[in-house]
Amino acid sequence: MAREVTLLATFTLPEDAETCRDALYRAGLDVVQVAPVASGPRAPTEPALVEWGRYGYQPDVLDDKWTAASSWDWANEGLIGGEGWLLTAVVPEEAAAQARTIIRRYGGHL
């Protein structure tokens, strides 16, 4: 019996995850699913907590995590937007390297 590998990859945008899924289908890998990471309501159920950075709230100082590019939605390593879509692919072991390459090409994080 052929061995299979399960690959999990996160994407920020659903369109990127779906385009990757379609590319995997074209490559002959058809056990692929895309789903939102969050389960449950989209709206927060309690007030958000504010983290002011390592020095506390200092309005006259720009050394704060909110001013760092990595905390913005559009950054690849964003802390706010995060990775909201999960692609799951079950592929034959011999096709795993090809699937990983396709996933990375479309912006997936394994």
Side-chain angles (χ1 to χ4, degrees):
M1 186 162 135
R3 294 188 57 136
E4 294 179 324
V5 175
T6 301
L7 301 175
L8 301 174
T10 56
F11 291 82
T12 301
L13 300 175
E15 295 83 6
D16 293 341
E18 291 165 357
T19 302
C20 181
R21 177 198 60 209
D22 296 344
L24 291 167
Y25 284 161
R26 286 191 301 275
L29 306 169
D30 60 353
V31 182
V32 183
Q33 179 180 355
V34 173
V37 171
S39 61
R42 294 275 177 184
T45 56
E46 44 186 79
L49 299 176
V50 176
E51 169 60 56
W52 293 110
R54 64 185 143 189
Y55 301 117
Y57 179 65
Q58 296 181 357
D60 57 334
V61 177
L62 291 178
D63 188 10
D64 189 78
K65 83 173 195 178
W66 302 116
T67 60
S70 65
S71 67
W72 290 79
D73 282 337
W74 46 262
N76 286 336
E77 300 81 24
L79 301 174
I80 297 172
E83 303 295 325
W85 294 87
L86 180 67
L87 179 139
T88 306
V90 180
V91 301
E93 190 173 40
E94 62 273 5
Q98 176 190 15
R100 286 185 186 102
T101 300
I102 293 170
I103 290 168
R104 287 186 184 111
R105 184 181 316 138
Y106 288 93
H109 299 276
L110 293 163

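Because the structure is predicted, anything quoted here is derived from the model rather than measured. Just the heavy atoms: all of them, side chains too, but no hydrogens, waters or symmetry mates, feed the values below.
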| Roughly how far apart are Ile102 CD1 and Gln98 CD, rounded to 0.5 Å? | 4.5 Å
| message | Let me check something: do Val32 and Leu110 share a hydrophobic cluster, defined by ILVMFWY side-chain heavy atoms less than 4.5 Å apart, either directly or through other members? | response | yes
| query | Are Leu24 and Leu87 close enough, and set up right, to give a side chain to side chain contact (heavy atoms under 4.5 Å, CB included), and what steps lead you there? | reply | CA-CA 11 Å; Leu24 291 167; Leu87 179 139; 4.0 Å; yes
| note | Closest non-hydrogen atoms of Thr12 and Trp85, given as atom of the first, atom of the second and distance, are O-CD1, 3.5 Å
| query | Ala95 and Leu29: which non-hydrogen atoms are nearest, and at how many Å? | reply | CB-CD2, 3.9 Å
| Which value, rounded to the nearest 0.5 Å, describes the distance between Tyr106 atom OH and Glu18 atom CD? | 13.5 Å
| note | CD of Gln33 to CZ of Arg21, rounded to nearest 0.5 Å, is 10.0 Å
| request: Establish whether Val31 and Val34 are linked, either directly or via other cluster members, by ILVMFWY side-chain heavy-atom contacts under 4.5 Å. | output: no
| note | In terms of heavy-atom contacts, Leu86 and Val37 come closest through N-CG2, 3.8 Å
